[in-house]
Amino acid sequence: QGQLVESGGGSVESGGSLKLACVDTGIDYGIDCMGWFRQAPGKEREGVATIDHEGATSYSDSVKGRFIISQDNTKKTMYLQMNSLKPEDTATYYCAAAATPFCTFVHNGLGYGKNYWGQGTQVTVSS
């Protein structure tokens, strides 16, 4: 069975940029919604951005205008370009995928169907 594999995390100073990638190694047929979530220590997981199979995107208010979600369907890879990073962006970032027509954040997941999750990648932003 395939899985989601994230990469691209690291440490950066405030105002810097990082680009995360999430590769679908073949988890399921029919995935039509993918997204990024993050969880900081002591906090609940929160949605960051989503992208559906047609390329429609959505963002949380906290990252809108700074982060860009994109995908390369030929490579089965989703990206998150993070610009103007702030210390409050520090968290473990997870990618998620689901077969759902409701490509939006629901109960800290994607839509109403089964969600698949990556292992997470750490992003640390220093002031």
Practice task
State yes or no: do Phe37 and Ile31 share one hydrophobic cluster built from I, L, V, M, F, W and Y residues joined by side-chain heavy-atom distances below 4.5 Å, directly or via other members?
Solution key: no
Problem - Exam field: side chain Glu13 to backbone Ser126, donor-acceptor pair closer than 3.5 Å - result: no
Problem - hydrophobic_cluster_shared for Val12 and Val63, side chain cutoff 4.5 Å - result: yes
Problem - Approximate separation, where rounding is to 0.5 Å, of Ile68 CD1 and Lys19 NZ - result: 9.0 Å
Fill in the blank from the handout: In this structure, CG of Leu18 is separated from OG1 of Thr124 (nearest 0.5 Å) by 9.5 Å
Practice task
First locate atom CZ of Arg38, then atom CD of Glu46, and finally report the distance between them rounded to the nearest 0.5 Å.
Solution key: 4.5 Å
Exercise for the section: Please assess Asp52 against Thr50 for the test side-chain contact (heavy atoms from CB on, under 4.5 Å), listing each intermediate value before the final yes or no. Expected result: CA-CA 7 Å; Asp52 70 13; Thr50 66; over 6 Å; no
Problem - Distance (rounded to the nearest 0.5 Å) between Glu6 CD and Cys95 SG - result: 4.0 Å
Handout entry: Between Ser14 and Ser127, a side-chain donor and acceptor under 3.5 Å
Key = no
Exercise for the section: Please confirm whether the backbone N or O of Val125 pairs with a side-chain atom of Thr90, one donor and one acceptor, at under 3.5 Å? Expected result: yes
Practice task
Report the relative orientation of the aromatic rings in Tyr112 and Phe102; use parallel for angles under 30°, tilted for 30 to 60°, perpendicular for over 60°.
Solution key: perpendicular
Practice task
State the CD-CG distance between Gln119 and Leu4, to the nearest 0.5 angstrom.
Solution key: 9.0 Å
Practice task
Could you tell me whether the side chain of Asn115 and the main chain of Gly113 form a donor-acceptor pair under 3.5 Å?
Solution key: yes
Practice task
Report yes or no: does Thr25 contribute a side-chain atom to a donor-acceptor pair with the main-chain N or O of Gln3 at less than 3.5 Å?
Solution key: yes
Handout entry: side-chain contact (heavy atoms from CB on, under 4.5 Å) between Ile69 and Met78, worked out
Key = CA-CA 7 Å; Ile69 189 171; Met78 174 180 63; 3.8 Å; yes
Handout entry: ILVMFWY network linking Tyr59 to Val123, side-chain heavy atoms under 4.5 angstrom
Key = yes
Practice task
Show your working on side-chain contact (heavy atoms from CB on, under 4.5 Å) between Cys22 and Met34 and close with a plain yes or no.
Solution key: CA-CA 10 Å; Cys22 172; Met34 296 187 74; 4.1 Å; yes
Fill in the blank from the handout: Scanning both residues in full, the closest heavy-atom pair of Ala99 with Gly30 reads CB-O, 3.3 Å
Completion exercise
Of Tyr94, Trp36, Tyr79, the one forming a side chain to side chain contact (heavy atoms under 4.5 Å, CB included) with Leu20 is Trp36
Handout entry: Distance, nearest 0.5 Å, that separates OG of Ser58 from CZ of Phe105
Key = 5.0 Å
Problem - Connected via hydrophobic side-chain network under 4.5 Å: Tyr116 and Ile51 - result: yes
Exercise for the section: List the steps and the verdict of side-chain contact (heavy atoms from CB on, under 4.5 Å) for Asp32 and Glu54. Expected result: CA-CA 8 Å; Asp32 53 10; Glu54 295 181 337; over 6 Å; no
Exercise for the section: Measure from the side-chain N and O atoms of Asn73 to the backbone N and O of Lys76, and report whether any donor-acceptor pair falls under 3.5 Å. Expected result: no
Practice task
State whether the side chain of Thr100 and the backbone N or O of Ala98 hold a donor-acceptor pair below 3.5 Å, judged by distance alone.
Solution key: no
Handout entry: Shared hydrophobic cluster, Leu80 / Leu85 (ILVMFWY, side-chain heavy atoms < 4.5 Å)
Key = yes
Fill in the blank from the handout: For Ser17 and Gln81, the nearest pair of non-hydrogen atoms, with its separation, is CB-NE2, 3.9 Å
Handout entry: Check ion pair Lys86-Asp89 (N to O, under 4.0 angstrom)
Key = no
